[in-house]
Amino acid sequence: MNQQQLVERARQLKENAYSPYSNFRVGAALLMKDGTVIDGVNVENVSFGATNCAERTAVFTAIAQGYKKGDFEAVAVSGDTVDFLPPCSICRQVLVEFGDPDFKVLLTNGNADVKEVTLEELVPLAFTELEM
Ligand code: THU
């Protein structure tokens, strides 16, 4: 699957978002190194804090399916936004837990323009396991 196909998948996934409270639909298509694509959407809740972002839905699904740290290749994130939609800070921390520094993050906007950054660029000075 190439970059354009991954972005297109993320755009399609927005249709499955459950976002009745924000009306902000997000799709995340997570590409694993074995070529599998795992779907994620935001899933909101009337108790707003119980909401799960699209990126975390995809990452947690990958782990539930048996994938491990180091198996993660790229993620495309899509929303109906004018600007590129970046993962929120909680999702960035979750991506750092499982993705290598060169994991690719494909940011898109409502027009399907794409900006590619590495996880290291998206999260400089990330909190990881530190030696004591
Ligand atoms: N959201 C995501 O799914 N991913 C992000 O990176 C940003 C925010 C969702 C959470 C909530 O359902 C809605 O967008 C508005 O914040």
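Bear in mind that the values here come from a model prediction, so they are computed numbers and not experimental data. The chain is numbered in sequence order, starting from 1. Counting convention: from 1, in listed order, for ligands and their atoms alike.
Closest of all the heavy-atom pairs between Val41 and Asn16 is CG2-O, 3.7 Å. Minimum heavy-atom separation, Thr51 to Glu44: OG1-CA, 3.3 Å. Heavy-atom minimum distance, Pro101 versus Thr118: O-CB, 3.6 Å.
Counting the atoms of ligand 1 from 1 in the order shown, those under 4.0 Å from a heavy atom of Pro87 are 6 (O). Applying the 4.0 Å criterion to heavy atoms of Pro86 picks out, from ligand 1, the atoms 6 (O). Those atoms of ligand 1 that come under 4.0 Å of a heavy atom in Asn42, given as number and element, are 3 (O), 9 (C), 11 (C), 12 (O), 13 (C), 14 (O).
Both Val117 and Val123 are members of a single hydrophobic cluster when ILVMFWY side chains are connected at heavy-atom separations under 4.5 Å.
For atom 14 (O) of ligand 1, the closest non-hydrogen atom on the protein side is Phe24 CD2, 3.2 Å. Glu44 OE2, 3.5 Å is the protein heavy atom nearest to atom 13 (C) of ligand 1. Protein heavy atom at the shortest distance from atom 3 (O) of ligand 1 is Ala54 N, 2.9 Å. Protein heavy atom in closest approach to atom 6 (O) of ligand 1: Glu55 OE2, 2.7 Å.
Of the N or O atoms in Cys53, none lie within a sub-3.5 Å distance of an N or O in ligand 1.
The number of heavy-atom neighbours closer than 6.0 Å to NZ of Lys33, taken from other residues, nucleotides and ligands shown, is above 12.
For the ligand labelled ligand 1, residue Cys91 lies outside the 4.0 Å heavy-atom shell. Ligand 1 has at least one atom lying under 4.0 Å from a heavy atom of Cys88.
The residues Lys69 and Asp100 are annotated as not salt-bridged, no charged nitrogen and carboxylate oxygen being separated by less than 4.0 angstrom.
Ring geometry for Tyr21 against Phe48 counts as tilted: the plane angle lies between 30° and 60°, on a 0 to 90° scale.
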